[in-house]
Amino acid sequence: MSNLSYSRRRFLTNSSVGLVAFCGIPTILNAMENMHGMPNLKPNKASPNFKPDVEFDLLCKSDSVSILPGRQTQVEQYTALLKKGPKETITGIAGSYLGPLINLQKGQKVRVNLHNKLTESTVTHWHGLHVPANMDGHPMYAIASGETLVYEFEVVNRAGMNIYHPHPHENTAKQVYFGLAGALFVRDQEEEALELPAGEFEIPIVIQDRLFDGQNQLVYSRNMHDRMTGFYGDQILVNGRPNFQIDVASRAYRLRMLNGSTARIYKLGWDDGTPITVIGVDGGLLEQPEIKSYVMLAPGERLDVWADFSGRKEGSQLVMRSLPYLGVLPKMASQMGGMMRHANSLAVGSEYPIFTVRVIKKISDSPKLPTKLSKINWHQANELANPDKPIPIGISESPMAMLLNGRPYAYNDIQDIERIKVNTIQLMEVFHAHGGRGGHESEKEGVGMGMMSMGHQQGGMGMKHSGGEHKEGRQSMGSGMGMMSMAHPIHLHGQQFQIVSRSINSGEESDYATVQDGFINSGLKDTVLVMPGEKIRIIKPFQDFKGLFMYHCHNLEHEDMGMMRDFLIE
Ligand code: C2O
Ligand code: CU
Ligand code: CU
């Protein structure tokens, strides 16, 4: 604890960070607005006062790689060049289009020089890391082709798996789809003391779906249907490889999983019914392992899995599959789906393999699963700035508009509920507002005072599941909007949050029952899957840094459609 505040203080005296205090909405700083109202800032330069422990160049560029047999595939890719720091900071995934693994230690000061060698603008976001607003990869910091952007921050996160990926305005999904994404691991002493499987026994598993044409080239489209449901490929890639297979010895492994798909949600389960032993999620280790028959993994979410192959026969196989589930897509869209362009052979919610584990060596010794993994500093109800008045995150969806709190993304459009005092801990509520753009009336009813005041009346932090709360919303949604309701992985930038409660509308329980045992609510999260009819309460700290921090759907097609907003921490 005192460690953190020490480093925080030290960090805040740093001049590159001193800027933060003034840059809530940096309309000054030579801001030139583009046509979407997004300012175009001068790229940050290296600060002479910042003394990095680790420094590397990160390049975004086009390349071609072998993915399928035959022709190479054109991709966009991150590559990195270490300039200072331990050599294991950057480790490649051989032959993959994914960016290299970035391995950082808590407490390190890091400088990254992002070089944009693409033909369009980009910016990189450190998904999961708690960094100053001007280091977070907000789209207003996007740099043009040929430019360089310098990031400087201290790693204050606990150990965990994070993601780095582009975040340019309305163009995130496409850049991620063509290959720009990678995993970033933070290590700390608490984790090291556990001596979990490491080195060759710790395996990153980045799951993505892609669509290829006859020439082995990636296909991406943004027609109305794809944008509304999200874009789905018909081929599963793990670490950039089709038919991914890992060869293991009969012992325990640590699988670090990440859903890097733009939209596809997985219901993970071993094919022989072996339960999944979860030891961590987005924000690092759980306090103790959770044993699940299956686990849901939505875009942006991570999963730390203890996979013990002890006692398995040499030559035996185990397959990680996505299991059948219901309710993720709008009912209307699934009906439309048949008529649309790619009648996908890998339908959402169908069953299909993701990767195969092959036991190739029998050994007798294996590490044992620790019963106690970590200590999480949970925030208590009495720390909340707003115990009776949760900050709403109201989801509304329609073919024309994907909105949060009734509004599409717009720069410098901060509403009162989106202003948050720095160094506070907030209760928040994510729910389906069913407003859409189906008309001003429903919009008002859905996310206007009706829904927002509900929180006041309900009050408290009860874990009680009260299905009746959504009455108003359900009336306003009518038959039409219910057809549009779908699942959304909602992501909040900045610090990780804890999940307080989840409840489901009466009438939506049957689809929900096919996924509800797959949520891990006992860890720190930065992305949470919100099913149709579901309402989720979270507690999130907003500490240390002022400025704009985004919240958005991590269905990246939805994000680009505007299902994204800013919180202004002030
Ligand atoms: Cu991983 Cu704002 O996103
Ligand atoms: Cu993020
Ligand atoms: Cu969404």
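One-based numbering, in listed order, for ligands and for the atoms of each. When a residue number appears, it is its place in the shown sequence, counting from 1. Keep in mind that the numbers below use all heavy atoms, side chains included, and drop hydrogens, waters and symmetry copies.
- Listed by chain and number, His125 NE2, His491 NE2 are the protein N/O/S atoms closer than 2.8 Å to the Cu ion (ligand 2), with waters left out.
- Shown are Asp526, Asp136, Asp544; of these, the side chain to side chain donor-acceptor pair (under 3.5 Å) with His130 is made only by Asp544.
- Stacking of Arg502 on the aromatic ring of Phe519 is recorded, both the 6.0 Å distance cut-off and the 45° axial limit being met.
- Separation of the His552 and His558 ring centroids does not fall under the 6.0 Å cut-off.
- For the Cu ion (ligand 3), the nearest N, O or S atom contributed by His558 is named ND1.
- Shown are Trp126, Tyr164, Tyr141; of these, the ring-ring contact (aromatic ring centres under 6.0 Å, His included) with Tyr151 is made only by Trp126.
- For His127, the N/O/S atom at the shortest distance from atom 1 (Cu) of ligand 1 is named ND1.
- Atom 1 (Cu) of ligand 1 has an N, O or S atom of His554 under 2.8 Å away, backbone or side chain.
- No hydrogens or angles considered: nothing links the side chains of Glu76 and Gln175 as a donor-acceptor pair under 3.5 Å.
- For the residue pair Ser322/Arg264, the side-chain donor-acceptor check at 3.5 Å is not satisfied.
- Between His138 and His167, the distance from one ring center to the other does not fall under 6.0 angstrom.
- With respect to the Cu ion (ligand 3), His488 has ND1 as its nearest N, O or S atom.
- Note on His125: not counted as a metal contact of atom 1 (Cu) of ligand 1, no N/O/S atom lying under 2.8 Å.
- By the 30° and 60° cut-offs, the orientation of the rings of Tyr266 relative to Tyr352 is perpendicular.
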